[in-house]
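In the text below, chain A, chain B and the rest are named by the order of the sequence lines, each starting its count at 1. Hydrogens, waters and symmetry mates are skipped; everything else that's a heavy atom, side chains included, is used.
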Amino acid sequence: MASISRIFRTFFSTSVAKSPAKSFSDDLYKERNLKRVVHKFKKLSESHLFRKHANVYGNTVRRLASAKKFNWIEEILEDQKQYDEISKEGFAVRLISLYGKSGMFDHASKVFDEMPDRKCPQTVKSFNALLGACVNAKKFDKVDGFFKDLPEKLSVKPDIVSYNTAIKAFCEMGSLDSAGSVFDEIEKNGLKPDLITFNTLLVGFYGNRKFVDGERFWEKMMNASVSPDIRSYNARLVGLVAEKKLTEAVELFGELGSKGLKPDEFSYNAIIQGFCNDGDLEQAKDWYAKLVQSDSSPNKATFAILIRFACKTGDLDWAVELFKQTFREKCLLDPSVMQLVIDGLVKESRTEEAKKLVGIANSNKFRCYNLIIPAVEDE
DNA sequence: AAAGAGTGAC
């Protein structure tokens with residue numbers, strides 16, 4: 001009797017205690033019905049062990065957000081406010097951040113505003129979480145005001161994360177000069193720009209046809225002894241390609257290895273984009289083949305660029321190949337890009353092939369493409 | 001337990 005209960009206890013405690021995160025999440029992730037996910041999440045939240053698993057929160061909220069079930073996100077996150085942890089800054093930060101990523105800025109802002117009522121300290125972490133929520137929820141114009149008013153009001157000193165977030169907001173707004181001014185404020189306030197500071201600025205400038213400014217910040221990065229990583233180089237590749245300096249871009253790509261960096265799919269995409277801009281089908285195909293053989297895999301941007309280009313140049317056989325490949329790679333594209341292939345086939349009277357592709361696209365369970373066979377026009 | 005940098009359009 002005693003031994004049986006001991007065996008039972010041992011079995012039970014090891015199976016549960018070994019990986020509580022996994023057992024919690026298994027149950028939740030296997031559930032297909034989102035309404036029941038919400039119910040289970042709230043039930044699980046009663047356990048303080050569950051409430052420690054930030055990643056389960058993130059995954060569940062992301063799932064609900066992609067299904068546009070914002071009322072259910074509200075339901076599970078507001079439900080969290082009944083627990084003691086809401087008085088800990090880390091927990092409030094988590095809610096602010098989750099609301100921000102879901103695009104629910106007002107909810108994020110409310111959690112922040114309620115913190116003092118809950119005797120919850122507001123440090124630079126929650127200040128940054130609020131700024132981050134502005135960026136993620138695309139309320140870029142609010143960042144400037146918060147940055148000017150809140151530090152004094154809360155007596156917090158912005159740190160490098162605060163500055164980086166403000167820079168990101170200005171870049172997203174297209175206010176690149178303001179982003180540059182924020183950069184100048186960093187050193188004036190006794191802080192040092194870091195890799196993220198520079199990468200944010202490089203993407204902002206190089207990516208928005210401001211090549212000269214991009215180069216200016218590249219120099220500043222060197223002078224600050226911040227070593228560029230693959231993201232920095234990718235931003236520069238994009239800049240070179242936009243400047244139609246494709247030869248230089250290819251050259252730079254070739255130098256990556258000697259700098260101890262490995263090109264990733266973003267590096268390849270930059271070069272592929274360059275050759276597509278040039279209308280060079282052979283090179284575009286060649287670089288796609290190189291990407292496939294590399295340690296990286298084509299992503300949705302690769303396919304979007306190449307399918308458009310293949311349809312435009314009339315290489316429908318390749319377009320069909322790429323179309324099929326998106327499913328093997330589980331890449332979900334904008335339906336309008338997929339439709340280009342169908343339209344192209346129909347125009348060439350390859351209707352049977354078009355129907356087959358529509359069948360493939362509309363029967364996959366990851367995304368409803370709703371592609372259609374267009375009526376044939378007489379011209 | 002806790003904040004920050006990744007894409008696409010002639």
Heavy-atom contacts under 4.0 Å between residues 108-122 of chain A and DNA chain B, which residues? none
Once you round it to whole Å, what is the distance between [atom2] of [N] and [atom1] of [X]?
X        : N     : atom1 : atom2 : result
A:Asn128 : B:dA5 : CG    : P     : 11 Å
A:Lys88  : B:dA1 : NZ    : P     : 11 Å
A:Asn164 : B:dG4 : CG    : P     : 11 Å
A:Ile96  : B:dG4 : CD1   : P     : 11 Å
A:Lys125 : B:dA1 : NZ    : P     : 12 Å
A:Phe198 : B:dG4 : CZ    : C1'   : 15 Å
A:Leu130 : B:dG4 : CG    : P     : 12 Å
A:Phe127 : B:dG4 : CZ    : P     : 14 Å

Between [X] and [Y], a side-chain donor and acceptor under 3.5 Å:
X        : Y        : value
A:Asn370 : A:Asn362 : no
A:Glu265 : A:Thr302 : no
A:Glu219 : A:Asn223 : no

Among the candidates B:dA3, B:dA1, B:dA5, find the nucleotide nearest to the side-chain atoms of A:Asp159. B:dA3
Nearest to the side chain of A:Ala54, which nucleotide is it out of B:dA1, B:dA2, B:dA3? B:dA2
Show me, pair by pair, the donor-acceptor contacts under 3.5 angstrom made by side chains of residues 28-35 of chain A, not counting sequence neighbours?
| from | atom 1 | to | atom 2 | distance (Å) |
| --- | --- | --- | --- | --- |
| A:Tyr29 | OH | A:Asn59 | ND2 | 2.8 |
| A:Glu31 | OE1 | A:Arg36 | NE | 3.4 |
| A:Glu31 | OE1 | A:Lys40 | NZ | 3.1 |
| A:Glu31 | OE2 | A:Asn33 | N | 3.0 |
| A:Glu31 | OE2 | A:Arg36 | NE | 3.2 |
| A:Glu31 | OE2 | A:Arg36 | NH2 | 3.3 |
| A:Asn33 | OD1 | A:Lys35 | N | 2.8 |
| A:Asn33 | OD1 | A:Arg36 | N | 3.0 |

Partner of A:Asn199 under side chain to side chain donor-acceptor pair (under 3.5 Å), picked from A:Asn164, A:Asn234, A:Asp229, is A:Asp229
Is A:Thr200 touching bases, backbone alone, or none of the nucleic acid, heavy atoms closer than 4.0 Å? sugar-phosphate
What's A:Asp84 touching, base or sugar-phosphate or nothing? Going by heavy atoms closer than 4.0 Å. nothing
For the residue pair A:Arg51 and A:Phe91, would you count it as a cation-pi contact if the rule is NZ or CZ under 6.0 angstrom from the ring centre and within 45 degrees of the ring axis? no
Over 60° means perpendicular and under 30° means parallel, so classify the ring planes of A:Tyr288 and A:Trp318, tilted if in between. perpendicular
Give a yes or no on whether the ring-centroid distance for A:Trp218 and A:Tyr233 is below 6.0 angstrom. yes
Detail all sub-3.5 Å separations between protein N/O atoms and N/O atoms belonging to nucleotides 6-10 of chain B.
| from | atom 1 | to | atom 2 | distance (Å) |
| --- | --- | --- | --- | --- |
| B:dG6 | OP1 | A:Lys168 | NZ | 3.1 |
| B:dG6 | OP2 | A:Lys168 | NZ | 3.2 |
| B:dG6 | N7 | A:Arg231 | NE | 3.1 |
| B:dG6 | N7 | A:Arg231 | NH2 | 2.3 |
| B:dG6 | O6 | A:Arg231 | NE | 3.3 |
| B:dG6 | N1 | A:Asp264 | OD2 | 3.1 |
| B:dG6 | N2 | A:Asn234 | ND2 | 2.5 |
| B:dT7 | O4 | A:Asn269 | ND2 | 3.4 |

A:Phe147 pairs by ring pair (Phe, Tyr, Trp, His ring centres under 6.0 Å) with which of A:Phe140, A:Tyr163, A:Phe170? A:Tyr163
